[in-house]
2 protein chains.
Amino acid sequence: MPSAPAAATTVPTRERILDAAEQLFAEASYDAVSLRMITRRAGVELALANYHFGPKLELFRAVVERRASDLNGARLAALEALPADAPLEQVIEAFSGPFLSRSLSGGPSWKAYARVIAQVANSQRWTSALMTAYFDPVAQAFLARVRESLPGACDEDIYWGFHFLIGAMTITFAETGRIDVLSGGRCASSDLAAIHARMLPFLAAGFRAICGPKNESPTRGSRA
Amino acid sequence: MPSAPAAATTVPTRERILDAAEQLFAEASYDAVSLRMITRRAGVELALANYHFGPKLELFRAVVERRASDLNGARLAALEALPADAPLEQVIEAFSGPFLSRSLSGGPSWKAYARVIAQVANSQRWTSALMTAYFDPVAQAFLARVRESLPGACDEDIYWGFHFLIGAMTITFAETGRIDVLSGGRCASSDLAAIHARMLPFLAAGFRAICGPKNESPTRGSRA
DNA sequence: GTCTATAGCTTGATAGAC
DNA sequence: GTCTATCAAGCTATAGAC
């Protein structure tokens, strides 16, 4: 541990700015949040944002990068811990589980991060610079294990399955609250454990449905 | 038809502003786009934005509302045209097909609209005011038909299935391009017909996996 | 590493002539 | 319904003292 004094509230300025930025970017969007709002919430002076991160865009990149590293490490560890003959559900859980557990017990920071990622993943504006840069290497490792769990599947089907998975995952962890209203209160976006227990079989069955060997010949993918 | 002259390029100012706003909001976000950028692209004066729509937020709402009406009508018509014993795939297609066909043949406007909707659907910021307001009534009609196709399913499972469907659909029509890079060019986000042919069986299988009658008792939803 | 002060620009909104 | 002109407020970024 560094030269930290007694008080537990001594958070380095860099982290204070990152935390405040993450929270505010999650509530709205990159453009809706000013450096003034960020530094005000962080309790530091405006000029310190530029001193520590350079231009605003680099601060946004740093917000995405910070937890991406942790998430990538946890995902790789979970993938490597899988048995050689792991079923598809377990492979998917190695990818989604680390995000779930962090959102469940990581406090408001990880929930905010999930909302930022939902914006980044669903806009072509950020896709190449942020999603591809920070998440594609681990995605490739994940897809390699999916391939092993689905022998005979063609690559295109697996890629599109992954695409649907990302769509379902990002909107889930963003906790938008839409289903809460739509269901008249019977479902809660915040009940991530219940959603995750359904997401795994939903996605696994989806993968299997489009990765079957008979998906090649017919023009339309309807299935009995 | 109103008093339109001969030239086909005579688009009313209101529509010109909506078209420009839709295009620009799709490229970035609500906050990244200024009224000056919008009116400049529309080829009209700045003051006309406020004259026709009031504050900026109302313009955004109008962008979402315009095509929502058309989409809702087409979805309801497709749902009503379904046979009484329509399988789940056809019910899902009644919901997704109208968006697909518009994105395929509606020119850049519908593609831009899809990107706006992806932002709106994936952020809690817009959920209640826009998604719920403009899309939930038809979503309820859709869910009623899904229930008929899945006898014995409990409501919670159907709501969460719909939630995953929305996540997969919105990221699909947004055409972010991530899979293009991830797949090394083997898949193209713009190839909506190919994606849609996989999305239908993927989602239908997912619904069936979580809506089985035996999903109630066990704590975890893993399935052979 | 932190602070004050400020330059240079853009923003949404509107008043008022036509 | 459209135009010009403008206001007050906000923005990012930085220079320079400490």
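Naming convention: chains lettered A, B, ... in sequence-line order (proteins, then strands); numbering from 1 in each chain.
- Aromatic ring centres of B:Tyr30 and B:Trp126 lie closer together than 6.0 Å.
- The interatomic distance linking B:Glu58 (CD) with C:dA13 (P) rounds to 10 Å, in whole Å.
- Between C:dA13, C:dG12, D:dG1, one nucleotide has an atom nearer to the side chain of B:Ser34 than all others, and that is C:dG12.
- Each of D:dT2, D:dT14, C:dA15 was ranked by its minimum atom distance to the side chain of B:Leu48; first place goes to D:dT2.
- The aromatic rings of A:Phe162 and A:Phe95 lie perpendicular to each other, with more than 60° between the two planes, well past the 30° mark.
- Taking the side chain as every heavy atom from C-beta outward, B:Leu143 and B:Ile158 approach each other to under 4.5 Å.
- D:dT14 atom P lies 15 Å from atom NZ of A:Lys56, rounded to whole Å.
- Spacing between atom CD1 of A:Ile17 and atom P of C:dG1 amounts to 11 Å, rounded to whole angstrom units.
- Distance CZ (B:Arg16) to P (D:dT2): 10 Å, rounded to an integer number of Å.
- Remark: P of C:dT10 and CE of B:Met37 are 12 Å apart, rounded to the nearest angstrom.
- Set against C:dT11, D:dG1, C:dT4, the side chain of A:Glu45 has C:dT4 as its closest nucleotide.
- Within the 4.0 Å cut-off from OP1 or OP2 of D:dG1, not a single side-chain nitrogen or oxygen of B:Thr13 is found.
- In this structure, of C:dG12, D:dA13, C:dT14, it is D:dA13 that holds the atom nearest to the side chain of A:Leu46.
- Of the candidate nucleotides C:dT14, D:dA13, C:dA13, C:dT14 has the atom nearest to the side chain of B:Ala47.
- At the heavy-atom level, A:Leu35 lies under 4.0 Å from the strands shown only through sugar-phosphate atoms.
- Candidate nucleotides C:dT2, D:dA13, D:dT2 were compared by shortest atom distance to the side chain of B:His52, and D:dT2 ranks first.
- Of the residues listed (B:Asn50, B:Ile38, B:Leu35), the one engaging B:Lys56 in a side-chain contact (heavy atoms from CB on, under 4.5 Å) is B:Leu35, and it is the only one.
- Nearest-nucleotide positions on DNA chain D place A:Arg40 closer to the 5' end than the other of A:Asn50 and A:Arg40.
- Using a 30° and 60° split on the angle between ring planes, B:Phe99 and B:Trp110 fall in the perpendicular class, above 60°.
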